There are 2 protein chains.
Amino acid sequence: MMFSKACEYGIRAAVYVTLQSLEGRRVGVNEISEEIDSPIAFTAKILQQLTRNNIIHSVKGPNGGFEIDPEDMNSAKLSMIVKAIDGDKIYTGCGLGLKECNAQKPCPLHDKFLDIRNNLSTMLTSTSLYELATGLEVGLTYLKR
Amino acid sequence: MMFSKACEYGIRAAVYVTLQSLEGRRVGVNEISEEIDSPIAFTAKILQQLTRNNIIHSVKGPNGGFEIDPEDMNSAKLSMIVKAIDGDKIYTGCGLGLKECNAQKPCPLHDKFLDIRNNLSTMLTSTSLYELATGLEVGLTYLKR
DNA sequence: CAAATAAAAGACAATTTTATCTTAAATGTT
DNA sequence: AACATTTAAGATAAAATTGTCTTTTATTTG
Ligand code: FES
Ligand code: FES
């Protein structure tokens, strides 16, 4: 709706990886997709994207899996995940679908849309994986239902 | 990105119909899709939806076309179009894709997402077709580029 | 080194969204 | 009444997104 399905899974997966890395555990695709209730093979693809974009880190072989360096948890923002998976149309696209959002030749919704989009953008660039994982840790939030 | 393509076309079409109805002109699908730069047959389908939902009015036959009663221009809000075409997942869906947004068992993004969503929702329910058409009328905004 | 494990990569399949085309129904004009 | 015009409806088609399956590559362990 706001994000693609791939992006939703990507965020949930990244948050779960963060939570587990906080405990020093590396996690595999099977566990991840189980815990965030997502299609496993599709989730694997998405984790690959996150890895290629250096948002999380992967290790092959026995006892391998995905992890995120605790040092990076705070600097890893939602905006990075969204950009890696959905691209930046959410930041640069016109709300009414004109080629590009352009203040010189704005669509009728431009001003109002820009407002919303800036809110969203600010939220995404200021929210870290660490922040999201901590709510989970204390049982206040959920990644599946 | 935020709205489906169908919804984008729907809003642009509705605004164009409003603009023309302001001048007392009824407009056909061909002219509409020309003026908003959208695929014609697809646009026709979308206009059907808007008509079925009583957002605009259609007249068949020679000199027929689409129009909106000037009395309705102010009460016709963007939220109606979005709801008619994209449904209400934009209002009730969870940002991270959990079955439904639910404050009792919130996803990690719930609070922040709700904020954005409320902004968006308020914007959509308070913006009328009339308001959007007037900007166009005076040449400040555009429906195609 | 061989075997087992786990991610990476690539081909393929299903579903949804976007888009087109054809026929039918309604309405005004001659 | 016949005809032209224009929306409505329904059947298809194309493209994009979502999802699966198989093979390859890297790494650990015995
Ligand atoms: S031009 Fe449409 S949102 Fe800026
Ligand atoms: S539960 Fe996810 S947005 Fe409310």
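Each chain gets a letter, A, B and so on, in the order the sequences are listed, and its residues count up from 1. All of these numbers come straight from a predicted model, not from anything done at the bench. Just the heavy atoms: all of them, side chains too, but no hydrogens, waters or symmetry mates, feed the values below.
- Remark: nothing in residues 17-25 of chain B comes within less than 4.0 Å of DNA chain D through any heavy atom.
- The environment of CG in N63(A) is sparse: at most 12 heavy-atom neighbours from other residues, nucleotides or ligands sit within 6.0 Å.
- Under the side chain to side chain donor-acceptor pair (under 3.5 Å) criterion, D86(B) pairs with S4(B), not counting sequence neighbours.
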Atom pairs and distances, side-chain donor-acceptor, residues 46-56 of chain B, under 3.5 Å, sequence neighbours left out:
{"from": "T51(B)", "atom 1": "OG1", "to": "L47(B)", "atom 2": "O", "distance (Å)": "2.8"}
{"from": "N53(B)", "atom 1": "ND2", "to": "Q49(B)", "atom 2": "O", "distance (Å)": "2.8"}

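- Partners of S33(B) under the side-chain contact (heavy atoms from CB on, under 4.5 Å) rule, at least two apart in sequence or in another chain, are S38(B), I40(B), T43(B).
- The distance from atom NZ of K5(B) to atom P of dT20(C) is 13 Å, rounded to the nearest whole Å.
- Residue pairs meeting the salt bridge (charged side-chain N to carboxylate O under 4.0 Å, His left out) criterion with at least one partner in residues 15-26 of chain B, sequence neighbours excluded, are R25(B)-E31(B), R26(B)-E67(B).
- Residues passing the side chain to side chain donor-acceptor pair (under 3.5 Å) test with S58(A): none are found, sequence neighbours excluded.
- Checked against ring pair (Phe, Tyr, Trp, His ring centres under 6.0 Å), Y16(B) has no partners two or more places apart in sequence or in another chain.
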Show me the donor-acceptor pairs within less than 3.5 Å that the side chains of residues 137-145 of chain A make with the rest of the protein, sequence neighbours left out.
{"from": "T141(A)", "atom 1": "OG1", "to": "L136(A)", "atom 2": "N", "distance (Å)": "3.1"}
{"from": "K144(A)", "atom 1": "NZ", "to": "E34(A)", "atom 2": "O", "distance (Å)": "3.3"}
{"from": "R145(A)", "atom 1": "NE", "to": "K105(B)", "atom 2": "O", "distance (Å)": "2.9"}
{"from": "R145(A)", "atom 1": "NH1", "to": "E100(B)", "atom 2": "O", "distance (Å)": "2.8"}
{"from": "R145(A)", "atom 1": "NH2", "to": "E100(B)", "atom 2": "O", "distance (Å)": "2.9"}
{"from": "R145(A)", "atom 1": "NH2", "to": "K105(B)", "atom 2": "O", "distance (Å)": "3.1"}

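- If you walk DNA chain D from 5' to 3' and mark each nucleotide with an atom closer than 4.0 Å to a heavy atom of chain A, the marks span dT18(D) to dT28(D).
- Contacts of T127(A) classified as side chain to side chain donor-acceptor pair (under 3.5 Å), with partners at least two apart in sequence or in another chain: K112(B).
- Taking atom CD on E8(B) and atom P on dT17(C), their separation rounds to 14 Å, with Å as the unit.
- Phosphate proximity of dA19(C) to Y9(B): present, with a side-chain N or O under 4.0 Å from OP1 or OP2.
- As a whole-Å value, the separation of F42(A) CZ from dA14(C) C1' is 12 Å.
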Contact letters for nucleotides 4-13 of chain C, in which S counts primed atoms plus P, OP1 and OP2 and B counts the base, heavy atoms under 4.0 Å: BBBBBBB---
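- Judged as a side chain to side chain donor-acceptor pair (under 3.5 Å), and not counting sequence neighbours, S128(B) has no contacts.
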